[in-house]
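To start, the structure itself, in structure tokens.
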Amino acid sequence: MAQPLLTSTQVLPSTCPLDCPDACSLEVRVQDGKVVKIDGTHVNPLTEGYICSKVRRLPELLYGEDRVLHPAVRLGKKGENSFEQVSWDVALDLAAQRMREARERWGGESILPFSYGGSNGLLTQDTTDARLFYRLGASRLARTVCAAATGRAATGLYGKMPGIALPDYVHSKLIVVWGVNPSASGIHLVPILQEAQRRGARMVVVDPRRTPLAKKADLHLAPRPGTDLPLALSIHRFLFEEGLADWGFLGEHAHGAEELRRRALPWTFERAAEVTGVPAEGIALLARMYAETSPAAIRAGWGMERNRNGGSAVAAVLALPAVAGKFGVRGGGYTLSNSGAFTFDRAAAVGEPEPATRTINMNRLGRTLVEEQNPPVKVLFVYNCNALATMPNQELVRRGLEREDLFTVVFEQFWTDTARYADLVLPATTFLEHRELSRGYGSMLMNRTEAVAAPAGESRPNYEVFGDLCRRLGLNRLGEPETAAEFEAALLGRSERMRNELDRDGVTLPDTGWAPIQFVDSFPLTPDRKAHLVPEALDREAPFGMYAYQEDPDSRSLALISPARARTISSYLGNLYRDLCPLEIHPEDAALRGIAEGDEVRVWNVYGEVRVKARLTRDVKPGVVVLPKGLWSHQTLSGTTANAVAPDTFTDLGQGACFDDARVAVARV
Ligand SMILES: Nc1nc2c(c(=O)[nH]1)N[C@H]1C(S)=C(S)[C@@H](COP(=O)(O)OP(=O)(O)OC[C@H]3O[C@@H](n4cnc5c(=O)[nH]c(N)nc54)[C@H](O)[C@@H]3O)O[C@H]1N2
Ligand SMILES: Nc1nc2c(c(=O)[nH]1)N[C@H]1C(S)=C(S)[C@@H](COP(=O)(O)OP(=O)(O)OC[C@H]3O[C@@H](n4cnc5c(=O)[nH]c(N)nc54)[C@H](O)[C@@H]3O)O[C@H]1N2
Ligand SMILES: [Mo]
């Protein structure tokens with residue numbers, strides 16, 4: 001027999017589309033169609049040639065034992081790991097048949113598509129999937145588990161105006177890192193902040209935890225979770241009362257300043273101190289530094305949105321640069337999400353939605369599966385999401401997934417906790433195995449990437465599978481986009497420049513360029529291009545009006561927060577780790593409960609319970625405990641996670657998730 005050819009090795013470009021601000025440019029080493037190494041490049045200037053350790057380790061998982069390689073149907077009980085391989089044809093016929101039956105018997109709304117940001121890619125969500133579910137008349141999903149409150153606030157105030165480009169933070173003289181932890185959740189900002197500090201910038205961190213950046217900051221304010229609103233309003237009050245408000249800017253570029261002033265009036269530093277647990281002098285110091293320094297930047301994150309006051313809190317923080325007159329210079333203003341930098345023509349890509357159907361808020365998945373009767377959900381189709389690991393009120397989600405009369409499809413790359421509750425599992429390709437169009441919400445760059453490796457097993461891309469289901473159900477129409485390239489062309493329809501640049505370079509920039517200055521190169525995308533500091537629609541939406549502080553749900557209990565951690569992206573890649581994850585608790589809180597380092601503890605409230613080991617640390621504020629988001633069941637002693645104690649209540653704006661409103665009791669087992 002002839003010798004096989006020498007193994008072929010190639011190094012190919014790609015881009016990380018995962019749910020992270022940075023959107024790193026990658027080079028992928030591929031051997032015989034398999035990924036063997038992933039590293040960063042300089043195509044995206046933010047990437048600077050390096051990437052996070054978790055994506056670097058992705059090759060271990062691509063061909064590991066947790067990868068879903070074939071379609072499979074359930075044999076055993078829901079939640080058990082007992083499945084039988086079937087062909088794609090059998091699998092898709094089964095999915096199509098169950099959806100057809102559900103629609104005939106219970107109506108289209110008995111089908112619930114359930115997806116979130118598993119892949120932030122623009123082609124793996126809202127293309128053929130949207131078409132399929134619109135035309136089936138399925139329930140709509142309000143994708144509110146993240147960025148709902150921040151999105152509402154940012155849209156209301158500034159129409160999602162792009163923010164300061166992250167590399168431009170080197171020009172800032174004061175940087176306020178507010179409710180965001182880039183050391184885990186977007187690491188490429190960290191060296192930029194260090195460089196700014198080297199050039200003389202001062203840094204303030206507002207976070208209930210002593211994060212790695214808090215340790216390097218000139219000032220760290222640690223508010224009790226959910227109290228950023230009074231903190232920010234007391235700074236507004238100071239600016240207005242001390243004659244430091246920039247009325248020139250406000251007159252020309254903003255509405256609602258007078259109303260904001262009125263609403264901030266009750267919040268003296270002393271009163272804010274009582275509610276937040278931050279000393280009044282600390283707040284006053286931040287207020288003065290902010291008023292006096294320019295360029296001043298606020299890097300605002302998602303940590304402050306995950307509570308009952310989240311929307312108003314984010315709005316109050318984003319209003320600071322308008323009131324203090326910080327816009328108009330490089331390194332001045334704010335950054336939240338830059339996802340608004342690009343606009344797309346979704347309607348051209350997927351067609352107009354069919355007549356409206358009911359909308360289910362994803363934060364109420366458990367309640368919907370268990371309680372909704374009009375009609376009940378009969379088919380749940382989960383993709384781009386590990387719902388059991390990531391949605392609030394986990395035990396209710398589990399009860400819903402256990403329903404024997406529910407047919408659950410899970411379309412996944414890995415055997416997640418959610419996949420184990422499926423009736424039918426479908427194998428999905430990763431971004432290294434399909435064509436994708438993506439952009440980060442920190443980086444201002446859009447990328448087209450081709451598949452660099454052969455699909456593992458029989459895995460297929462989302463757009464192919466949902467397109468196939470459309471055909472099986474007779475829902476496709478002639479002449480509409482079908483392939484990845486056609487969807488891409490439709491999405492970018494209005495911008496010939498972007499299309500041409502993607503064809504030539506594989507990357508393109510937004511119309512505002514890669515580093516716009518706010519109120520010079522980019523303006524609010526509101527109808528009158530002005531900032532609206534108390535937008536009418538938001539004022540109507542917030543239960544007590546905008547900027548009205550809602551009290552702590554239970555100020556005597558411990559506040560459990562569940563921030564992002566470096567090891568995973570939400571729950572993605574959690575299967576890289578087999579060790580248990582501890583609960584972080586302050587030594588004073590531990591002593592009160594007789595808890596020592598390493599003790600097993602029970603953490604509970606009315607929603608559920610989680611058992612873990614305790615880790616004592618002064619990096620959390622007394623009264624606050626931390627168990628990160630995204631854990632898999634094997635990482636706790638009880639198989640439940642922080643989500644078991646996370647309430648399924650809503651934020652004041654956007655009906656977002658209130659993970660950080662979890663109030664818990666903790667006791668030694
Ligand atoms: N306790 C707690 N929980 C939280 C939060 C919190 O603060 N506290 N934060 C929340 C936040 S911010 C978010 S964004 C959500 C995220 O919640 P999820 O959307 O559930 O995010 P992931 O955990 O990344 O799970 C995404 C899944 O999609 C799969 N996937 C990836 N790409 C593809 C693809 O192309 N096709 C298919 N079919 N599947 C794919 C991945 O394998 C992965 O299992 O979690 C929330 N959960
Ligand atoms: N490595 C990694 N990167 C990620 C993710 C991940 O899971 N892992 N997730 C991605 C996703 S989906 C998102 S949405 C982003 C999220 O990224 P971030 O915006 O950083 O969000 P969180 O980690 O939820 O919270 C940030 C910080 O807010 C603090 N915090 C909690 N409650 C409050 C509060 O009430 N007020 C204030 N001021 N601070 C508070 C937390 O202690 C935490 O340090 O990161 C993305 N990047
Ligand atoms: Mo998120």
Side-chain angles (χ1 to χ4, degrees), residues 17-22 52 54 68 115-121 123-125 129 143 145-147 150 177-187 205-209 211 213-214 221-228 231 299-307 309-310 313 317 336-337 362 382-392 394 410-414 416 418-419 426-431 433-434 436 441 459-462 465 559-575 620 624 626-631 641-646 657 659-662:
L18 300 174
D19 194 342
C20 167
D22 294 5
C52 64
K54 56 192 171 304
V68 180
S115 64
Y116 194 70
S119 158
N120 259 17
L123 301 181
T124 44
Q125 191 146 292
D129 53 328
R143 292 203 188 106
V145 75
C146 172
T150 52
V177 178
W178 202 319
V180 63
N181 179 28
S183 307
S185 64
I187 58 172
V205 171
V206 186
D207 198 304
R209 298 188 298 160
T211 58
L213 285 176
L221 306 185
R224 181 158 169 96
T227 63
D228 300 271
L231 183 58
R299 174 42 167 157
W302 294 268
M304 76 177 115
E305 82 163 4
R306 311 191 199 288
N307 63 77
N309 292 309
V317 169
L336 180 62
S337 168
M362 72 187 309
V382 185
Y383 59 106
N384 300 349
C385 184
N386 185 5
L388 184 56
T390 53
M391 295 302 125
Q394 188 172 58
V410 177
F411 186 13
E412 249 300 346
Q413 300 167 354
F414 299 107
T416 59
T418 310
L426 305 175
T429 42
T430 64
F431 70 91
E433 299 158 324
H434 58 234
E436 190 55 281
Y441 44 94
S459 59
R460 291 186 185 173
N462 290 14
V465 170
L560 180 134
I561 58 174
S562 42
R565 62 179 184 153
R567 284 175 155 201
T568 56
I569 303 184
S570 293
S571 74
Y572 195 58
L573 311 181
N575 38 342
V620 294
V624 178
V626 177
L627 189 62
K629 77 164 164 171
L631 297 185
T641 69
N643 296 54
V645 290
F659 293 109
D660 294 346
D661 272 343

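For this chain, numbers begin at 1 and follow the sequence in order. Both ligands and their constituent atoms are indexed starting at 1 by order of listing.
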What do we get for [X] next to ligand 2 when only non-hydrogen atoms under 4.0 Å count, side chain, backbone, both or neither?
X	answer
Y441	side chain
N181	both
D19	both
D660	side chain
P563	both

Does T390, backbone or side chain, put an N or O under 3.5 Å from an N or O of ligand 1?
yes
Counting only nitrogen or oxygen atoms and a 3.5 angstrom limit, does C146 reach ligand 1?
no
Heavy-atom distance to [atom]: which of [options] wins?
atom	options	result
atom 2 (C) of ligand 2	N307, T568, V205	T568
atom 40 (C) of ligand 1	I561, V68, N384, L627	N384
atom 43 (C) of ligand 1	E412, Q394, R143	E412
atom 18 (P) of ligand 2	G310, S185, G301, C20	S185

To check you understand the geometry: which heavy-atom pair defines the closest contact between R460 and V465, and what is its length?
CB-CG2, 3.6 Å
Note: T568 and L573 closest approach over all heavy atoms is CG2-C, 4.0 Å
Say whether K629, considering both its backbone and side-chain N or O atoms, lies within less than 3.5 Å of an N or O atom on ligand 2.
yes
So, does H434 sit close enough to ligand 1 that a heavy atom of it is under 4.0 Å from the ligand?
yes
Taking the six-membered ring for Trp and the full ring for Phe, Tyr or His, determine whether the centres of Y441 and W302 are under 6.0 Å apart.
yes
Among all protein heavy atoms, pick out the one at the shortest distance from atom 35 (O) of ligand 2; state its residue, atom name and that distance to 0.1 Å.
G226 N, 2.8 Å
